[in-house]
Asks: 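Just dropping this structure here.
A, B, ... follow the sequence lines: proteins, then strands. Residue 1 opens every chain. Just so it is clear, the values below take in all heavy atoms, side chains as well, and ignore hydrogens, waters and symmetry mates.
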2 protein chains.
Amino acid sequence: MSEVRQKAELAGRATNVLNSLTTEQKNKALLDCAQALIDHSEAIIEANKEDLQRGRENGTSVSLLDRLALTEERIASIAEGLRQIVELPDPIGETLETIERPNGLHIVKKRVPLGVIGMIYEARPNVTVDAIGLCLKTGNAVVLRGGSSALSSNRKIVEIIHGSLATSAVPRDAVQLIEDPNRSSVDEMLKLNGLLDVVIPRGGSSLIQNVVQNATVPVIETGAGICHTFLDATANPSMAAEITLNAKVQRPSVCNAMETLLIHKNFAQSHFANIADKLRESNVELRGCEETRCLIDWAQPALEEDYATEYNDYILNIKIVDNLDEALQHINRFGTKHSECIVTEDGANAERFLQEVDAAAVYHNASTRFTDGFEFGFGAEIGISTQKLHARGPMGLPALTSSKYIIQGSGQIRS
Amino acid sequence: MSEVRQKAELAGRATNVLNSLTTEQKNKALLDCAQALIDHSEAIIEANKEDLQRGRENGTSVSLLDRLALTEERIASIAEGLRQIVELPDPIGETLETIERPNGLHIVKKRVPLGVIGMIYEARPNVTVDAIGLCLKTGNAVVLRGGSSALSSNRKIVEIIHGSLATSAVPRDAVQLIEDPNRSSVDEMLKLNGLLDVVIPRGGSSLIQNVVQNATVPVIETGAGICHTFLDATANPSMAAEITLNAKVQRPSVCNAMETLLIHKNFAQSHFANIADKLRESNVELRGCEETRCLIDWAQPALEEDYATEYNDYILNIKIVDNLDEALQHINRFGTKHSECIVTEDGANAERFLQEVDAAAVYHNASTRFTDGFEFGFGAEIGISTQKLHARGPMGLPALTSSKYIIQGSGQIRS
């Protein structure tokens, strides 16, 4: 039997015990794991050095090496993440609905774990611990397939967590790490219907597209964000400037950062030059439509494909539009249904935008950068779903749960 | 452009209008459609005759021809189904959550339509109307791909509904029928990411497996049911007999009917012969384990594969078990996580069974035949989900919805 199938089966066998654990048992195990990670920081850093060494030999970029690197501080922060998950309310067992039928059947819909969750992700070893914490808190087993560039670190982390779980109520088989670094182990996970209840990809768009295109197991897509901000004719100029700057440069590399700025022609005439100056001071390259380039001579021309690109970088498309309708059409055409914002003092336009834009999060007068589980107050984030099924937008613990109908009768039969 | 892509795009363009319709507008359109179907019964019956004729020429079985056939009465009942959907509460626009953040952001999670739903189903033309009603009520557009054997009927039904929608607030493009009878049109639908938000298969297991195995679009699986009933040592004998008979023979062809009866050895000794007699009177063939065949000489031997078979027929597997644990193990191994029942007077055993069995619906002292949207009081049923993502068990209108975060700010930016 392959490693993937064998480990998925072991995870599956752990679900029965996981399902019946109390919140206290789960929390105790997570706190122990957090402490164990700190106690074994040195061993983790040693293992991490192997990954870094291999990375350097393979010519990995400095920024990727930085994301891969673990220090005592980073390990403390990862452990702190586990402790924060302990503080969150346990969604399992919650009564979602109670139905009393005329025939006397008593139906209760309860929140239950999903079962076995497959996580497919890239280099960063903090995702390993994060995923373990979120899955165990919600009574799920997890099969982890991290990037091969972090394999030594992940192996050590999971070894430490297994050691800690051995003295807890949580079965150690609840956490499985796939060590086969070949792409075929990912492909196999994607087809494990009946063994994996869901696969969640986290990483760049090629990783996510591979999962979406090839999985027969249900997927929660945490996809790309081509986010827009529309500065309406009546936008407050200083608010418009602040939101624009924040949405673009506060952290350009993330999915909720803005990629295209749409500006009402009237607002653009009076206020865009000022905003463009600030963007230039922040080293943002502008790519604009013809009207943009009449106003801002240093802007590059925007090609059709630019509007369809998630830069995750200091580049911003600009399009000047005649009215709200043109802005809505542009978003409808190029948006990825992630996060979209209108800055306006016109209540009716705001209302139309919020109603008509089809996206996980729609904003009036606030930066798209707030689309985030922590910023929404969930206390955790599994990812940001860009699909409409099961969960949409930032996902907290309930996104890792399912439900079950429990029916109590007294001999009822169907006539 | 192919028919499938073209029609899916037309459906997508209708979603904006659909999304902003009032409940009254949607209800009015559905009532008009119901009346139009009745007014044009004769034309539908004429078109249906073509399907029946073609079916007879192709050697379609009498029972399939019966399911395909439309009469004035059946059309009246299909129209009545639409009127019942009108009576149901509209889930769209419901506030699911309100979050006030310390920074002043006001976040509301609202229920919204899924968007465009693909329905892939088999012969019965009533599913066409049913799907249209459920999708339009929830503000969704629908792309229908019914079985080619009902194509003439479906074409006529959709033509009548298009005619009726033309004078309503609902855009007629919200309803699209794929007329290409080739399997390739199904295959194309399954890959329409970005155009279809979900595909729901309804039909036999080969249709469903084709969808699950090949779709890159998210799927709601409405799958097979290998349902068990466990008669515990303390089961009330007459209740046990009634539930057993009901779960098997009240309608053997459906997914919530029982396929395997598990019996505690003590109960079997005293009471099984009596139940077996009743099953025989109902023409049920028994396939049992060795212990079963010691008690019931006319039972056939059950093979391993029998326990893994959804008969949908007058055949029942019997297995005599030593205790609850053995019953749980058997269900865990062969069940399809659909509907499972324990008949017992022992509260602790009932509790364990309800907690430990991983299925969409778990019953104590009631027939598995109740797993049904109407029996649960939902007033409608899209199908019975056997997956854990998005919806589990009988699906009412909310299963055809998603959500959207609407965020009102006053210039908030992320620091």
Asks: Count the heavy-atom pairs under 4.5 Å between each of B:Met239, B:Arg101, B:Arg251 and chain A, then report the option with the highest count.
Replies: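 Of B:Met239, B:Arg101, B:Arg251, B:Arg101 has the most heavy-atom pairs under 4.5 Å with chain A.
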Asks: What part of B:Leu114 gets within 4.5 angstrom of chain A, counting heavy atoms only: side chain, backbone, both, or neither?
Replies: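 The answer is both parts of B:Leu114.
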Asks: With a 4.5 Å cut-off on heavy-atom pairs, point out which of B:Thr15, B:Asn332, B:Ile107 contacts chain A the most.
Replies: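 Between B:Thr15, B:Asn332, B:Ile107, the count favours B:Ile107.
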Asks: Which pair of heavy atoms, one from A:Arg414 and one from B:Asn256, lies closest together, and at what distance?
Replies: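 In terms of heavy atoms, the two residues are closest at NH1-ND2, 4.2 Å.
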Asks: Using a cut-off of under 4.5 Å for heavy-atom pairs, which of A:Ala366, A:Ala399, A:Ala247 has the most such pairs with chain B?
Replies: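 Max contact count across the listed options: A:Ala366.
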Asks: Answer yes or no: is there a side-chain heavy-atom contact under 4.5 Å between B:Glu356 and A:Ser20?
Replies: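 The answer is no, as the side chains (C-beta and beyond) never meet within the 4.5 Å cut-off.
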Asks: Is chain B contacted by the side chain of A:Ser403, its backbone, both, or neither, given a heavy-atom distance below 4.5 Å?
Replies: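 When you check distances to chain B, atoms from both the backbone and side chain of A:Ser403 fall under 4.5 Å.
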Asks: At a heavy-atom separation under 4.5 Å, does A:Gln209 approach chain B through its side chain, its backbone, both, or neither?
Replies: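 Neither part.
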Asks: At a heavy-atom separation under 4.5 Å, does A:Ala361 approach chain B through its side chain, its backbone, both, or neither?
Replies: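 Both parts, backbone and side chain.
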Asks: Quick one: which of B:Gly393, B:Gly377, B:Ala391 has the most heavy-atom pairs under 4.5 Å with chain A, could you say?
Replies: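 Ranked by contacts with chain A, first place is B:Gly377.
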Asks: Using non-hydrogen atoms and a 4.5 Å limit, figure out which bit of A:Val112 sits close to chain B: side chain, backbone, both or neither.
Replies: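 Answer is side chain: those atoms of A:Val112 sit under 4.5 Å from chain B.
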Asks: Angle between ring planes, A:Tyr405 versus B:Phe378, binned at 30° and 60°: parallel, tilted or perpendicular?
Replies: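 Ring orientation of A:Tyr405 relative to B:Phe378: tilted.
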Asks: In terms of heavy-atom proximity below 4.5 Å to chain B, should A:Arg369 be classed as side chain, backbone, both, or neither?
Replies: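 Both the backbone and the side chain of A:Arg369 come within 4.5 Å of chain B.
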Asks: Tell me which of these, A:Leu245, A:Leu328, A:Thr368, A:Asp372, has more heavy-atom pairs under 4.5 Å with chain B than the rest.
Replies: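 Between A:Leu245, A:Leu328, A:Thr368, A:Asp372, the count favours A:Asp372.
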Asks: Less than 4.5 Å to any heavy atom of chain B: does that hold for the side chain of A:Pro102, its backbone, both, or neither?
Replies: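 For A:Pro102, no heavy atom lies under 4.5 Å from chain B.
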Asks: By a 4.5 Å heavy-atom criterion (distance strictly below it), what part of B:Ser410 contacts chain A: side chain, backbone, both, or neither?
Replies: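 B:Ser410 touches chain A through backbone heavy atoms alone.
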Asks: Among A:Ile220, A:Asp197, A:Asn193, A:Val198, single out the residue with the greatest number of heavy-atom pairs under 4.5 Å to chain B.
Replies: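 Heavy-atom pairs under 4.5 Å are most numerous for A:Asp197.
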Asks: Any ion pair linking B:Asp358 and A:Lys404 (charged N to carboxylate O, less than 4.0 Å)?
Replies: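 Between B:Asp358 and A:Lys404 there is no salt bridge, as every charged N stays at least 4.0 Å from the carboxylate O atoms.
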Asks: Taking side chain as everything from C-beta outward and backbone as N, CA, C, O, which of these in A:Ile406 sits under 4.5 Å from a heavy atom of chain B? Side chain, backbone, both or neither.
Replies: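 Backbone plus side chain of A:Ile406, per the 4.5 Å heavy-atom cut-off to chain B.
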Asks: Where on A:Asn236 is there a heavy atom nearer than 4.5 Å to chain B: the side chain, the backbone, both, or neither?
Replies: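 Neither part; nothing is under 4.5 Å.
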Asks: Would you give the length of the straight line joining atom OG of A:Ser367 to atom CD of B:Gln412, rounded to the nearest 0.5 angstrom?
Replies: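 One gets 10.0 Å once the value is rounded to the nearest 0.5 Å.
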Asks: Check whether B:Ala350 gets within reach of chain A through its side chain, its backbone, both or neither, counting any heavy atom under 4.5 Å.
Replies: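 No part of B:Ala350 comes within 4.5 Å of chain A.
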Asks: Can you see which heavy atom on A:Arg392 is nearest to which on B:Ser402, and at what distance?
Replies: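 Closest approach of A:Arg392 to B:Ser402, heavy atoms only: CD-OG, 3.5 Å.
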Asks: Given that the side chain runs from C-beta out, which part of A:Asn16 has a heavy atom under 4.5 Å from chain B: side chain, backbone, both or neither?
Replies: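 For A:Asn16, the contact with chain B is made by the side chain alone.
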Asks: Under a 4.5 Å cutoff for heavy-atom pairs, which residue among A:Thr336, A:Asn365, A:Ile407 has the most contacts with chain B?
Replies: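 Heavy-atom pair counts peak at A:Ile407.
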Asks: Could you look at A:Gln387 and say if it's the side chain, the backbone, both or neither that has a heavy atom under 4.5 Å from chain B?
Replies: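 When you check distances to chain B, only side chain atoms of A:Gln387 fall under 4.5 Å.
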Asks: So which heavy atom on B:Val219 is nearest to which on A:Leu389, and how close?
Replies: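 Result for this residue pair: O-CD2, 3.9 Å.
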Asks: Which of the residues B:Thr216, B:Val212, B:Val357, B:Asn246 is involved in the greatest number of heavy-atom pairs with chain A at under 4.5 angstrom?
Replies: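 Ranked by heavy-atom pairs under 4.5 Å with chain A, first place is B:Asn246.
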Asks: Where do B:Asn103 and A:Phe370 come nearest, in terms of heavy atoms and distance?
Replies: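 Scanning both residues completely, I find the closest heavy atoms to be ND2-CE2, 3.4 Å.
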Asks: Under 4.5 Å from any heavy atom of chain A, what part of B:Thr371 do you find: side chain, backbone, both or neither?
Replies: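 Neither part; nothing is under 4.5 Å.
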Asks: Quick check on A:Leu105 against chain B: is it the side chain, the backbone, both or neither that has a heavy atom closer than 4.5 Å?
Replies: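 Side chain only.
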Asks: Where on A:Ser339 is there a heavy atom nearer than 4.5 Å to chain B: the side chain, the backbone, both, or neither?
Replies: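 Nothing of A:Ser339, per the 4.5 Å heavy-atom cut-off to chain B.
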Asks: If I measure from the heavy atoms of chain A, does B:Glu375 come under 4.5 Å with its side chain, its backbone, both, or neither?
Replies: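 Both backbone and side chain.
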Asks: Relative to chain B, which segment of A:Gln250 carries a heavy atom at a distance below 4.5 Å: side chain, backbone, both, or neither?
Replies: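 The side chain, not the backbone.
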Asks: For B:Lys191, does the NZ atom sit with more than 12 other heavy atoms under 6.0 Å from it, leaving out its own atoms?
Replies: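 It does: B:Lys191 NZ has more than 12 such atoms within range.
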Asks: For the residue pair B:Gln408 and A:His364, what are the closest heavy atoms and their distance?
Replies: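 Closest heavy-atom pair between B:Gln408 and A:His364: OE1-ND1, 2.8 Å.
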